[in-house]
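Comments concern the structure below.
Proteins get letters first, then strands, A, B, ... in listed order; numbering begins at 1 in each.
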2 protein chains.
Amino acid sequence: MNRNGDGGRMMRAASGSGPLKVQPLKLGERIREIRRRNSWTLEEASRRTGLARSTLSKIENEQMSPTFEVVQKLAAGLEIELPQLFEAAEPSGATGRRTVTREGEGRPRVTATYEHELLSVELAKRKMIPFKTRVRARSFDAFSSWVRHPGEEFLYVLEGSVAFYTEFYEPVVLAAGDSVYYDSDMGHACVSVGDEDALILWVSTG
Amino acid sequence: MNRNGDGGRMMRAASGSGPLKVQPLKLGERIREIRRRNSWTLEEASRRTGLARSTLSKIENEQMSPTFEVVQKLAAGLEIELPQLFEAAEPSGATGRRTVTREGEGRPRVTATYEHELLSVELAKRKMIPFKTRVRARSFDAFSSWVRHPGEEFLYVLEGSVAFYTEFYEPVVLAAGDSVYYDSDMGHACVSVGDEDALILWVSTG
DNA sequence: AGCGTATATTTCCTATCGGAAACATGCGAA
DNA sequence: TTCGCATGTTTCCGATAGGAAATATACGCT
C-alpha cells in the first residue's frame with residue numbers, strides 16, 4: 001500500500017540571506033492570511049471583530065499599528081490564539097506544518113525502567129510533546145524518584161497494564177484502553193504490573 | 001455511559017456573527033509584575049525598551065492601550081516571550097489534578113463518519129483535549145468539508161489504517177503505530193482505508 | 001522639622017489611531 | 001458598452017497613544 005509520507009518537516013524556505021535583522025513581525029500579512037484562509041471578506045471580518053473595514057484594511061496593509069485592544073479583538077474575532085499570532089512569523093509559516101512518524105521511527109531514549117520513543121521529533125517548536133514508552137515488567141525502582149515538572153500530561157495505555165502513582169491521589173491501575181490526565185507538577189510515576197511489559201502513549205505540554 | 005453529551009468542544013464555537021467579547025487580560029498588571037520581579041525601575045525599563053517612563057507608567061496602570069508596536073518593544077526590552085505575555089496565571093492549586101478515564105467511558109459524539117469519544121471530560125480547564133475516534137470504513141464524505149481550527153494536533157493510529165489529508169501536503173496513509181503532528185489551522189481530514197474501521201487517538205491543544 | 005535624591009504619576013501637546021463615508025476596483029449580467 | 005453589486009482602499013476628522021517635562025510621593029539623612 002502506498003505510504004508516501006514525507007516523514008519530515010517541510011517549511012517555507014527561510015527568507016533572506018541578508019543581514020540579520022530582527023523580524024518586525026508583519027502582523028498585517030499574518031492577519032490577511034488568516035482571513036483569506038477562512039474565506040472571510042473584510043466585511044465579515046469586521047462583523048466578527050467589531051472593527052471597521054477601513055481599520056482592518058489599514059492593519060493588513062501595514063498602514064497603522066493597531067492598539068493592543070484591537071489586537072485582542074482581532075484574535076477573538078478571527079478565532080486565533082494570541083500566542084499563535086506571534087510565533088507564526090517564521091516557525092510555523094504560512095503554509096502550516098506537518099510531520100509523520102512511522103512506527104518505531106521516533107527518537108529512542110532508554111533507561112533501566114523505560115524505553116522512551118520521542119515522536120514528531122522534526123518539529124522543533126510545538127505545543128505538545130508525544131512519546132511512546134515501553135514500561136518494563138516488574139520495575140519498581142521508578143518509585144525512588146518520581147517525576148515532577150510544570151505542565152500537564154495525558155497518558156493512554158496501549159498494551160498491558162500499569163500502576164500509575166501520583167501525589168495527593170491513590171494509585172490506580174490502568175489497563176489497555178484506559179487513560180489519565182494530570183498536572184505533571186504533581187510527582188508521578190508509572191510502573192508495569194503483571195508479567196508483560198506495558199506500552200503507553202503519552203503527550204506532554206511543551 | 002453518559003450519552004447526552006454535547007460533544008464537548010469539538011468545534012470552537014465557530015458560529016461567529018456575534019462580535020467582540022474580548023477577555024480582560026490585564027496586560028498592565030502583567031508588565032508590572034515582570035518588571036518588579038526583575039527589580040527594574042521604570043527608568044531602567046525605559047532604557048531597555050526605548051519607551052518613555054510616562055508611557056510605561058500609563059500602561060501598567062491601564063490608563064492606555066499600547067499599540068502593537070509598543071507591545072513588541074516591551075517584549076523585546078523586558079526579555080519576555082510574546083506568547084508568555086498572554087498566558088493566564090497558573091490556575092492549578094497546590095494539590096494538582098488527575099482524572100482517569102476507563103476504556104469506553106469517555107463522552108461520545110457520533111456522526112456519519114466518525115465515532116468520537118472525548119476523554120478526560122472531568123477536567124474543565126486543561127491545555128490538551130484528548131479524543132479516541134473510530135473512523136468508519138470507506139467514509140469519503142469527510143472530504144466535503146475538512147476541519148480547520150487554531151492550534152496543533154497529534155494523531156496516533158491505534159487500529160486499522162487511515163488516509164490523512166491536509167492542505168499544502170500530499171495525502172499520507174497511516175497504519176497502526178504511525179502518528180502525525182500538524183498545525184490544525186491547516187484544513188485536515190481523516191478517512192479510513194481498507195475494509196475495517198480505523199481507531200485513532202488524537203490530542204488537540206486546548 | 002527641612003533638604004535631597006530616587007522613583008512613580010500626571011500634565012500638557014503632537015502624532016497617529018480608528019471609524020464613517022467617499023472613492024476605487026473588479027466582475028458578472030443585460 | 002452600461003449598470004449593479006461586492007470587495008478593498010483612501011480620505012477626513014474626532015479620539016487617543018505616547019514623549020517631554022512638570023508634579024507628586026516616598027524614604028534617608030542631618
Side-chain angles (χ1 to χ4, degrees), chain A residues 22-80 82 85-86 88-89 94, chain B residues 14-80 82 84-86 148 167 185 187:
Chain A
V22 177
Q23 177 81 330
L25 180 51
K26 286 190 262 165
L27 181 68
E29 229 175 51
R30 183 92 185 109
I31 296 288
R32 167 164 286 160
E33 232 171 69
I34 290 169
R35 181 175 64 83
R36 288 257 166 86
R37 190 173 291 176
N38 289 78
S39 308
W40 291 331
T41 66
L42 282 183
E43 180 57 34
E44 264 176 291
S46 169
R47 274 205 316 277
R48 287 179 160 271
T49 59
L51 299 168
R53 280 206 317 279
S54 56
T55 302
L56 292 170
S57 171
K58 281 182 263 190
I59 291 174
E60 289 189 356
N61 292 307
E62 319 271 351
Q63 289 173 18
M64 71 182 215
S65 171
T67 59
F68 184 69
E69 209 179 355
V70 165
V71 174
Q72 283 181 281
K73 288 186 187 174
L74 278 171
L78 303 185
E79 290 170 23
I80 42 189
L82 255 179
L85 254 186
F86 310 118
Chain B
S15 43
S17 73
L20 65 159
K21 177 189 59 180
V22 177
Q23 53 176 353
L25 183 50
K26 288 189 246 161
L27 182 68
E29 241 174 42
R30 194 109 179 79
I31 295 289
R32 167 163 285 158
E33 210 177 283
I34 290 168
R35 181 175 63 85
R36 288 257 166 85
R37 191 168 294 168
N38 290 77
S39 309
W40 291 330
T41 66
L42 282 183
E43 181 57 34
E44 266 176 288
S46 170
R47 274 194 314 96
R48 288 177 157 272
T49 58
L51 299 168
R53 281 205 316 279
S54 56
T55 303
L56 293 170
S57 170
K58 281 182 258 189
I59 292 173
E60 289 190 355
N61 292 308
E62 320 270 354
Q63 288 173 17
M64 70 183 218
S65 173
T67 60
F68 183 69
E69 213 177 356
V70 165
V71 173
Q72 284 181 280
K73 287 187 189 172
L74 277 171
L78 303 184
E79 290 168 20
I80 44 188
L82 257 179
Q84 178 189 349
L85 256 185
F86 311 115
R148 184 202 303 276
E167 278 181 308
D185 55 355

Original post:
Got a second to check how far B:Gln72's CD is from A:Phe68's CZ, nearest 0.5 Å?
Top reply: 12.0 Å

Original post:
Can you find a pair of side-chain heavy atoms, one from B:Leu51 and one from B:Leu74, that are under 4.5 Å apart?
Top reply: yes

**OP:** Supply the atom-to-atom distance A:Thr55 OG1 to A:Ile59 CD1, rounded to the nearest 0.5 angstrom.
**Re:** 6.5 Å

Original post:
Say you draw a straight line from OG1 of A:Thr49 to NZ of A:Lys73; how long is it, rounded to the nearest 0.5 Å?
Top reply: 8.0 Å

**OP:** For A:Thr67, enumerate each residue passing the side chain to side chain contact (heavy atoms under 4.5 Å, CB included) test, keeping only those at least two apart in sequence or located in another chain.
**Re:** A:Glu69, A:Val70, B:Ser65, B:Thr67

Original post:
Please give, in whole Å, the distance from D:dT16 P to B:Ile59 CD1?
Top reply: 16 Å

Original post:
With a non-hydrogen cut-off below 4.0 angstrom, is B:Ser57 in contact with a base, only sugar-phosphate, or nothing?
Top reply: base

Using a cut-off of under 3.5 Å, enumerate the N/O to N/O pairs linking the protein to nucleotides 19-23 of chain D.
| from | atom 1 | to | atom 2 | distance (Å) |
| --- | --- | --- | --- | --- |
| D:dG19 | OP2 | B:Ala52 | N | 3.2 |
| D:dG19 | OP2 | B:Thr55 | OG1 | 2.2 |
| D:dG19 | N7 | B:Ser54 | OG | 3.4 |
| D:dG19 | O6 | B:Lys58 | NZ | 2.6 |
| D:dA20 | N6 | B:Ser54 | OG | 3.0 |

**OP:** Go through the structure and list residues passing side chain to side chain contact (heavy atoms under 4.5 Å, CB included) with A:Lys58, not counting sequence neighbours.
**Re:** A:Ser54, A:Gln63, A:Met64

Original post:
Within this structure, what is the CD-to-P distance between B:Glu69 and D:dT16, rounded to whole angstrom?
Top reply: 20 Å

Subject >> Between C1' of D:dC12 and CD of A:Gln63, the distance in whole Å >> reply: 15 Å

Original post:
Which residues pass the salt bridge (Lys or Arg N to Asp or Glu O under 4.0 Å) test with A:Glu43, sequence neighbours left out?
Top reply: A:Arg53

Subject >> For the student: nearest non-hydrogen atoms of A:Leu56 and A:Leu42, plus distance >> reply: CD1-O, 3.7 Å

Subject >> Atom-pair distance (CG on A:Asn61; C1' on C:dA24), nearest Å >> reply: 14 Å

Original post:
Taking only residues two or more places apart in sequence, or in another chain, which ones meet B:Arg32 in a side chain to side chain contact (heavy atoms under 4.5 Å, CB included)?
Top reply: B:Arg35, B:Arg36, B:Glu60, B:Asn61

**OP:** Nearest whole angstrom, please: distance from the C1' of C:dC17 to the CG of A:Leu27.
**Re:** 14 Å

Original post:
To the nearest angstrom, how far is A:Phe68 atom CZ from C:dG18 atom P?
Top reply: 13 Å

Original post:
Nearest-Å distance, CG (B:Leu74) to C1' (D:dA17)?
Top reply: 13 Å

Distances under 3.5 Å between protein N/O atoms and the N/O atoms of nucleotides 5-7 of chain C, please, pair by pair.
none

